[in-house]
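Reviewing the structure listed below.
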Amino acid sequence: VFEQPDLNALMALGKDAWLECLAAIDGIEPPQLRASGATLSEVELEARLPFAASDFVDFYASRHHAARAGQLMRPGAQLPEAWPFLPLGYHSRASSIIASGEPVRRPWGQFVLQNGPSGDRPTYAPTRKLDFELELGFVVGTPSDGGPVSPERAMDHVFGIVLLNDWSARDIQALEGRPLGPFLGKAFATSISNWVVPLEALKTRRVPIEPQTPPPLPHLLGAEPAMSFDLELTAQIVTARSPEPQILCRTNARHLYWSMEQHVAHLTSGGARLRTGDLLGTGTISGPEPDARACMLELSENGERPVLLAGGDERGYLHDGDEVIISGEGLGTLRNRILAASPEVATP
Ligand code: CA
């Protein structure tokens, strides 16, 4: 399995093999590092995906994000009725997943331009509201057979965690999203870190989840207390004007309302099968504090209050040439730069 171009074959072997592998490589230094005396971060590495993604589901597991983003996209909106009962999510596209280091091209799409020449009619143009979303992704190793996976068994199926940026075009999303949810507004790029950190390596970072009120139904509640991860996460921006990274937000995975185990239990509770390489996004990990808002939609209140940056720069949404860097304690970094939209498509 180590001769394969990605981790899928190793991930498919199951938890006993993962633990055996971790024990065997513990303390081994790659020879090229030992020879040069460099650290891993100093060696030139090729940007590539660590596994081949089978399916991609994105959840909505931060109550802070769901409440704020819901209000900003649809003023007056309450949390969806189902929100406290199950982890809401949607099926996205595995083909949108790209590696850290790959550029993100500004997408074209349909949206209504406020005070534009078309009035209330949509226009087809490059998005004016390009956004990032700071998330974690859970990577499935062991497949399931269509039966429900209980919260107690979920960790047998999840191999590890990646940093995830769910790139979003808010204007495209706003027009197309009702009632079926995001479609092309999130189908152009989702970037993940080049490393999958095994769950086993994060065992000491588990902390009790914030109280769930009302308690979930028994098949999601499980027999053991639901746990989150105490992992500090940051998003930074590098602009053309300021090459030094500037902090956009600081948050923590402990703010998630639903646990990883509950996501897996919910996804499989109706008969969906897990496949090796499935990627389960947590949704934007916003916290309660103002600087823990983990996307531009929340940070700039949908562009109404631009974020002030060094040198007089400001951002409502992201500009071409901006680079977004997401970092997590023990999880490495994930960075992608924005490319200008493709030239206008010739229309008859
Ligand atoms: Ca998302």
Side-chain angles (χ1 to χ4, degrees), residues 53 55-74 77 79-80 82-83 86-98 100 104 107 109 127 129-139 161-193 228-229 231 233-235 248-249 251-253 255-260 262-264 266-267 278-287 292-300 302 317-318 324-326 328 331 334 336 338:
D55 273 318
F56 169 35
V57 175
D58 201 25
F59 286 99
Y60 198 46
S62 153
R63 183 190 277 265
H64 307 287
H65 172 67
R68 284 201 205 101
Q71 276 290 335
L72 288 161
M73 296 287 282
R74 291 173 294 283
L79 273 181
W83 207 91
L86 47 95
L88 290 177
Y90 67 97
H91 291 287
S92 195
R93 290 179 67 74
S95 68
S96 72
I97 296 165
I98 61 170
S100 177
V104 172
T127 176
K129 293 188 173 181
L130 184 55
D131 203 352
F132 73 94
E133 289 189 332
L134 187 167
E135 304 191 13
L136 293 177
F138 304 124
V139 185
I161 292 184
V162 289
L163 295 168
L164 188 152
N165 185 343
D166 182 32
W167 295 84
S168 303
R170 300 300 184 190
D171 38 15
I172 299 170
Q173 184 189 347
L175 180 67
E176 71 183 6
R178 278 166 278 173
L180 295 184
F183 192 49
L184 300 187
K186 286 170 178 280
F188 57 96
T190 299
S191 52
I192 59 170
S193 48
S228 191
F229 292 89
L231 293 169
L233 303 160
T234 59
L248 287 171
C249 79
T251 184
N252 193 304
H255 296 311
L256 292 169
Y257 183 88
W258 294 101
S259 72
M260 179 190 70
Q262 289 170 329
H263 284 119
V264 172
H266 175 59
L267 179 60
D278 278 355
L279 178 63
L280 278 51
T282 57
T284 308
I285 307 177
S286 294
R293 294 174 289 178
C295 58
M296 295 306 295
L297 170 67
E298 290 181 64
L299 285 166
S300 73
N302 198 12
Y317 281 99
L318 299 168
V324 176
I325 307 170
I326 289 177
L331 300 174
L334 161 62
N336 306 88
I338 298 167

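Numbers for residues simply follow the sequence, beginning at 1. Side chains included, hydrogens not; waters and symmetry mates left out as well; all remaining heavy atoms used. Start at 1 and go down the list; that is how both ligands and their atoms are numbered. Note that this is a predicted model, so its numbers are computed, not measured.
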Exercise. Does the side chain of Asp278 reach to within under 4.5 Å of the side chain of Phe138, using non-hydrogen atoms?
Worked result: no
Looking at Asp58, the N, O or S atom sitting nearest the Ca ion (ligand 1) is OD2
query: How are the rings of His263 and Phe59 set to each other: parallel, tilted or perpendicular (split at 30° and 60°)?
result: tilted
The N/O/S atom of Glu133 lying closest to the Ca ion (ligand 1) is OE1
With rounding to 10 degrees, Asp166 OD2, the Ca ion (ligand 1) and Glu135 OE2 define an angle of 100°
Taking atom OH as the centre, does Tyr90 end up with more than 12 heavy-atom neighbours from other residues, nucleotides or ligands that are less than 6.0 angstrom away? yes
Next on the checklist: Could you check whether Arg68 and Gln71, counting side-chain N and O atoms only, form a donor-acceptor pair closer than 3.5 Å?
Outcome noted: no
